[in-house]
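Worksheet: one structure, shown below.
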Amino acid sequence: MEETAAAAAPTATAEKASSYRYWVREATGDAAPLPVPRKLDPVANGNGNGNPPPLGSVWNQAGTWEEKNLNSWANTRIKDLLGSLGSLEFPTGKASVDEVSKCSGDAFQVTVRNKKGVGYNYELSLRFKGEWLIKEENKKIKGHLDIPEFSFGEIDDLEVQVRFSDDKGLASDDKTRICKDLKSFLAPIQEKMRMFEEELKGR
């Protein structure tokens, strides 16, 4: 009986010695040392391989797809540019644009595969006031120059539609003549919008 107990004791010690936890404790002394943190040197180029830093946000370093809203800047800039068109004189009258009464749309910058692009889509209305000689009398006329929806790269295709605030007392041929005169604002509008596109591309 005592011999059986004595024989069992070494077996329990051997099991303890061969247990996994016991083996890990013994093995840690021979394990590879932990990596030592080291500070990276700052690189002026951004990525250290001579290439320029990626475009877009920090979270989008791969440059896959990112869209940035530019509405706030674009709306203000369009109003500044088109609100300063000045006045034009015609054979029997003159008119000026004094306000952008409607500026509805979106402008944005897109980064795709680390390449930047811009775009916009707008619908505009400019308030005009003028004076024309009608039936030997100078008649003051007010209204709006409406520009239907257009997008980036479509400036050459812009259209101007004339909308009178009050056209009572105007004969059909008078309205046709005044509309033709007011459409002369198309060229300066196109010039201002080309300036806008160039500035947008530089954002």
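Predicted model, so just to flag it, every value in this text is computed and none were measured.
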Task: Evaluation steps, salt bridge (charged side-chain N to carboxylate O under 4.0 Å, His left out), between R194 and E191 - done: CA-CA 5 Å; R194 286 190 183 95; E191 181 182 350; over 6 Å; no
Task: Working for salt bridge (charged side-chain N to carboxylate O under 4.0 Å, His left out), residues K142 and D166 - done: CA-CA 7 Å; K142 296 179 181 180; D166 182 8; over 6 Å; no
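- When all heavy atoms of E123 and E149 are compared, the pair lying nearest together is CG-N, 4.1 Å.
- Taking 4.5 Å as the limit, some side-chain heavy atom of E199 sits within range of a side-chain heavy atom of W73.
- Side-chain contact check for L126 versus I189: some heavy-atom pair is nearer than 4.5 Å.
- No side-chain heavy atom of D157 sits under 4.5 Å from any side-chain heavy atom of F150.
- Using a 4.5 Å heavy-atom cutoff, the side chains of I141 and I134 are in contact.
- Atom NZ of K129 has 12 or fewer neighbouring heavy atoms from other residues, nucleotides or ligands inside a 6.0 Å radius.
- Applying the salt bridge (charged side-chain N to carboxylate O under 4.0 Å, His left out) test to residues at least two apart or on different chains, the pairs with a partner in residues 86-100 are D98-R127, E99-R127.
- Residues D106 and N121 have side chains that never bring a donor and an acceptor to within less than 3.5 angstrom of each other.
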Open item on the list: Using side-chain contact (heavy atoms from CB on, under 4.5 Å), reason through L70 and F108 one step at a time and then give a plain yes or no.
Closed with: CA-CA 5 Å; L70 299 176; F108 50 87; 5.6 Å; no
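- Between S165 and G143, the shortest heavy-atom distance links the atoms OG-CA, 3.4 Å.
- The structure places OG of S87 at 14.0 Å from CZ of F128, a figure rounded to the nearest 0.5 Å.
- Here the CE atom belonging to M193 is positioned 11.0 Å from the CE atom belonging to M195, to the nearest 0.5 angstrom.
- Within the 4.5 Å cutoff, the side chain of Q109 has heavy atoms near those of the K116 side chain.
- Nearest heavy atoms, Y122 versus C103: CE2-SG, 3.7 Å.
- Residues D174 and W132 have side chains that never bring a donor and an acceptor to within less than 3.5 angstrom of each other.
- Summarising the geometry, atom CZ belonging to R77 is positioned 10.0 Å from atom CZ belonging to R203; distances are rounded to the nearest 0.5 Å.
- Counting heavy atoms from C-beta on, the side chains of V110 and V118 never come closer than 4.5 Å.
- Shown are L170, D173, V162; of these, the side chain to side chain contact (heavy atoms under 4.5 Å, CB included) with I178 is made only by L170.
- The closest side-chain heavy-atom distance from V160 to L182 is not below 4.5 Å.
- N138 pairs by the side-chain contact (heavy atoms from CB on, under 4.5 Å) definition with E131, L133, not counting sequence neighbours.
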Open item on the list: Could you go through F164 and C179, starting from their C-alpha distance and side-chain angles, then the distance that decides it, and tell me whether this counts as side-chain contact (heavy atoms from CB on, under 4.5 Å)?
Closed with: CA-CA 9 Å; F164 296 104; C179 287; 3.8 Å; yes
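- When all heavy atoms of S72 and T76 are compared, the pair lying nearest together is O-OG1, 3.1 Å.
- Proximity of K201 to F196: side-chain heavy atoms (C-beta onward) are nowhere separated by under 4.5 Å.
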Task: Pair K180-T176, side-chain contact (heavy atoms from CB on, under 4.5 Å): steps then yes or no - done: CA-CA 6 Å; K180 183 179 179 181; T176 300; 5.7 Å; no
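- Tested against V100 for a side chain to side chain contact (heavy atoms under 4.5 Å, CB included), the candidates L82, L85, N75 yield a single pass: L82.
- Annotation for S125 and D146: closest pair OG-OD1, 2.6 Å, computed over non-hydrogen atoms.
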TODO: Determine, step by step, whether E197 and Y120 satisfy the side-chain contact (heavy atoms from CB on, under 4.5 Å) criterion, reporting the C-alpha distance in whole Å, the side-chain angles of both residues, the deciding distance to 0.1 Å, and the verdict.
DONE: CA-CA 9 Å; E197 283 196 359; Y120 66 81; 2.6 Å; yes
